S.K.: 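Would you mind keeping the following structure in view while I ask a few things?
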Amino acid sequence: MIQALRGMKDILPPESSLWGKLQGLASSVFSSFGYQLVITPIVEKTELFVRSVGEGTDVVSKEMYVFTDRGGESICLRPEGTASIMRAYLNDPEAKSRSLKAWYWGPMFRYERPQKGRYRQFHQFGVEAIGSNSPYIDAELIYMLDVFYKKLGINDVRVELNSIGCELCRPSYKDELVKYLKSNEDKLCNDCKNRINTNPLRVLDCKVENCSKIINGAPIIQDFLCAECNSHNDVVLAALNSCGVKYSKNPLLVRGLDYYSRTVFEFISDKLGGRQNALGGGGRYDDLSAQIGGQKIPSVGYAGGVERTVLFMPELDVKAVTVYVAALDQESLNSLAPIIYECKKLCIDKEVLFIDDDFKARDIKKHLSRADKLGARFALIVGTNELNSSSLVIKDLVEKKESKIDVKYNEVEFTAKLIVGRMLEEKNS
Ligand code: AMP
């Protein structure tokens, strides 16, 4: 039997219904805050991520799925969404003249060691506010995400926040940090030794115990922020205080991707534990557009992992009334099936669900045992007697009561409306 690739998984029912809920809520919450859906290709030029995410990052140096296409061009499966959204914005002559608030959703690819909560194909939802340097946009984005997680039923997430300065103030911090790390190099893990030269801020993120001891004594960025970065950060924090978002400052928070500046943040759940405790992360990326060849366009965004978010969502509270369809012979099925199609159409968004169990004609005992297994609330029963008397039996499988309604089998729409009307009455009673 052919298996799915390592680190790539199928999302089947019932889990997929949580994914559906997440996607639906992403659309409604983000669009209420003015973010519009943007869809970009899954495959991009490799250069896009090398220049934006950064050559020194794990994502680009170790984890990208890179191919040469038939035309000899180096292309890759996207490892994240932000660079693509910015590329799309810069490529679109219409969009460029205005700011853009975008949300997206889709698969991302990183060749990592698969483990719980970490896959090679995973999914992210993301929001990007392109074209504003207002700190109120940072705060609103964090507020909106807090609302989003709560609407999903995840109440125990918390926000960690930091400012990593800008291109003016970060270099002097980096110099000090590198000096400090070099003087402690012998106590750091091999990865961190390499990071001193490639991506020193990432050392702050290391969870190896010996490294943590060194990191705790490292200089912190707050002592190096320029006046503009400081006042930007103050406004973000004040706005979050005013709107009641619970956050904690984490001076060691840096992000894995190179393009961030000023505000960086993560939504964390301690239930996940270990290195996989972030549901998602984001921040300001005022320099990204210039890194990929555009003018400087201040922006801020966030990406959340769908697989990790779904782990925390409570099971769905299914409110739909389920109605099992039981035709006792082929002739009854021939008459009933088109009526059931119509019932399903009438019940779109109505929380009444018709379960046809593959439209099998069989005896009542088998039907009732299937209905029971599938957890149906009602059964619609039609056999020769009902066909001949233009009636239909509705059996309440919980209350163990039966009733008959008069129908017209040659009038599909009329009969479907009758059935659906009755089921809606039951639902609301
Ligand atoms: P990043 O794009 O690295 O900032 O990641 C943002 C979020 O995407 C993380 O917090 C995770 O929730 C999720 N994520 C990143 N990499 C993976 C992965 N390999 N498997 C599953 N989720 C991931």
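If you're wondering where the values come from, they're calculated on a predicted model, not measured in any experiment. Start at 1 and go down the list; that is how both ligands and their atoms are numbered.
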S.K.: Measuring from atom 21 (C) of ligand 1, which candidate in G305, P114, G117 has the nearest non-hydrogen atom?
M.R.: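 Ranked by closest heavy atom to atom 21 (C) of ligand 1, first place is G117.
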S.K.: Under a plain distance cut-off of 3.5 Å, with no hydrogens placed, do E128 and Y285 share a side-chain donor-acceptor pair?
M.R.: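 A donor-acceptor contact under 3.5 Å links the two side chains.
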S.K.: Counting only heavy atoms, which portion of E80 has something under 4.0 Å from ligand 1: side chain, backbone, both, or neither?
M.R.: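 For E80, no heavy atom sits under 4.0 Å from ligand 1.
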S.K.: Distance-only criterion, 3.5 Å: show the donor-acceptor pairs between side-chain atoms of residues 219-228 and protein atoms not counting sequence neighbours.
M.R.:
{"from": "Q222", "atom 1": "NE2", "to": "N162", "atom 2": "OD1", "distance (Å)": "2.7"}

S.K.: To which of Q124, Q121, R113 does the heavy atom nearest atom 5 (O) of ligand 1 belong?
M.R.: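 Answer by nearest heavy atom: Q124.
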S.K.: Report, as yes or no, whether the 6.0 Å neighbourhood of atom CG on D186 holds more than 12 heavy atoms from other residues, nucleotides or ligands.
M.R.: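 Result for CG/D186: enclosed.
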S.K.: Go through ligand 1 atom by atom and flag the ones less than 4.0 Å from a non-hydrogen atom of R110.
M.R.: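 Checking each atom against R110, I get 1 (P), 2 (O), 3 (O), 15 (C), 16 (N).
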S.K.: Applying a heavy-atom cut-off of 4.0 Å, say which part of R118 lies close to ligand 1: side chain, backbone, both or neither.
M.R.: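 The part of R118 near ligand 1 is both the backbone and the side chain.
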S.K.: Near A303, which atoms of ligand 1 are under 4.0 Å from a heavy atom of that residue?
M.R.: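 In order of number, 6 (C), 7 (C).
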S.K.: Using a strict 4.0 Å cut-off to heavy atoms of G280, name the atoms of ligand 1 that fall inside it.
M.R.: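 Checking each atom against G280, I get 7 (C), 10 (O).
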S.K.: Hey, is D205 close enough to K207 for a salt bridge, meaning N to O under 4.0 Å?
M.R.: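 K207 and D205: salt-bridged.
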S.K.: Between R195 (side chain) and P200 (backbone), is there a donor-acceptor pair under 3.5 Å?
M.R.: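 Looks like no, no N/O pair under 3.5 Å.
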S.K.: Taking non-hydrogen atoms only, is L279 closer than 4.0 angstrom to ligand 1 via side chain, backbone, both or neither?
M.R.: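 For L279, only backbone atoms sit under 4.0 Å from ligand 1.
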S.K.: Ignoring hydrogens, just give me the one of Y302, Y260, F267, F122 whose non-hydrogen atom is nearest atom 23 (C) of ligand 1.
M.R.: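 The residue whose heavy atom sits nearest atom 23 (C) of ligand 1 is F122.
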S.K.: Show the atoms of ligand 1 that are less than 4.0 angstrom away from any heavy atom in E112.
M.R.: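 The list of qualifying atoms is 16 (N), 18 (C), 19 (N).
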S.K.: Identify every side-chain donor-acceptor pair in residues 136-153 under 3.5 Å, counting partners at least two apart or on other chains, and give the distances.
M.R.:
{"from": "D138", "atom 1": "OD1", "to": "R284", "atom 2": "NE", "distance (Å)": "3.1"}
{"from": "D138", "atom 1": "OD1", "to": "R284", "atom 2": "NH2", "distance (Å)": "2.7"}
{"from": "D138", "atom 1": "OD2", "to": "H232", "atom 2": "NE2", "distance (Å)": "2.8"}
{"from": "D138", "atom 1": "OD2", "to": "T263", "atom 2": "OG1", "distance (Å)": "2.6"}
{"from": "D138", "atom 1": "OD2", "to": "R284", "atom 2": "NE", "distance (Å)": "3.1"}
{"from": "E140", "atom 1": "OE1", "to": "K101", "atom 2": "NZ", "distance (Å)": "3.1"}
{"from": "D146", "atom 1": "OD2", "to": "K150", "atom 2": "NZ", "distance (Å)": "2.9"}
{"from": "Y149", "atom 1": "OH", "to": "Y302", "atom 2": "OH", "distance (Å)": "2.6"}

S.K.: Under 4.0 Å, counting heavy atoms only: does E307 come that close to any atom of ligand 1?
M.R.: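 No heavy atom of E307 comes that close to ligand 1.
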S.K.: Just heavy atoms, cut-off under 4.0 Å: does R120 contact ligand 1 by side chain, backbone, both, or neither?
M.R.: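 For R120, there is no contact with ligand 1 at all, from either part.
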S.K.: Taking the basic N atoms (NZ, or NE/NH1/NH2) and the acidic carboxylate oxygens, is any pair closer than 4.0 Å for D357 and R362?
M.R.: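 Yes.
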S.K.: So does E266 pair up with R255, basic N to acidic O under 4.0 Å?
M.R.: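 So E266 pairs with R255 through a salt bridge.
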S.K.: Do any nitrogen or oxygen atoms of A278 lie less than 3.5 angstrom from nitrogen or oxygen atoms of ligand 1?
M.R.: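 Right, the criterion is met.
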S.K.: Can you tell me if R255 has a non-hydrogen atom under 4.0 Å from ligand 1?
M.R.: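 Yes; R255 lies near enough to ligand 1 that a heavy-atom distance drops under 4.0 Å.
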S.K.: Measure from the side-chain N and O atoms of Y180 to the backbone N and O of I214, and report whether any donor-acceptor pair falls under 3.5 Å.
M.R.: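 Side chain of Y180 to backbone of I214, a donor-acceptor pair under 3.5 Å: yes, one is there.
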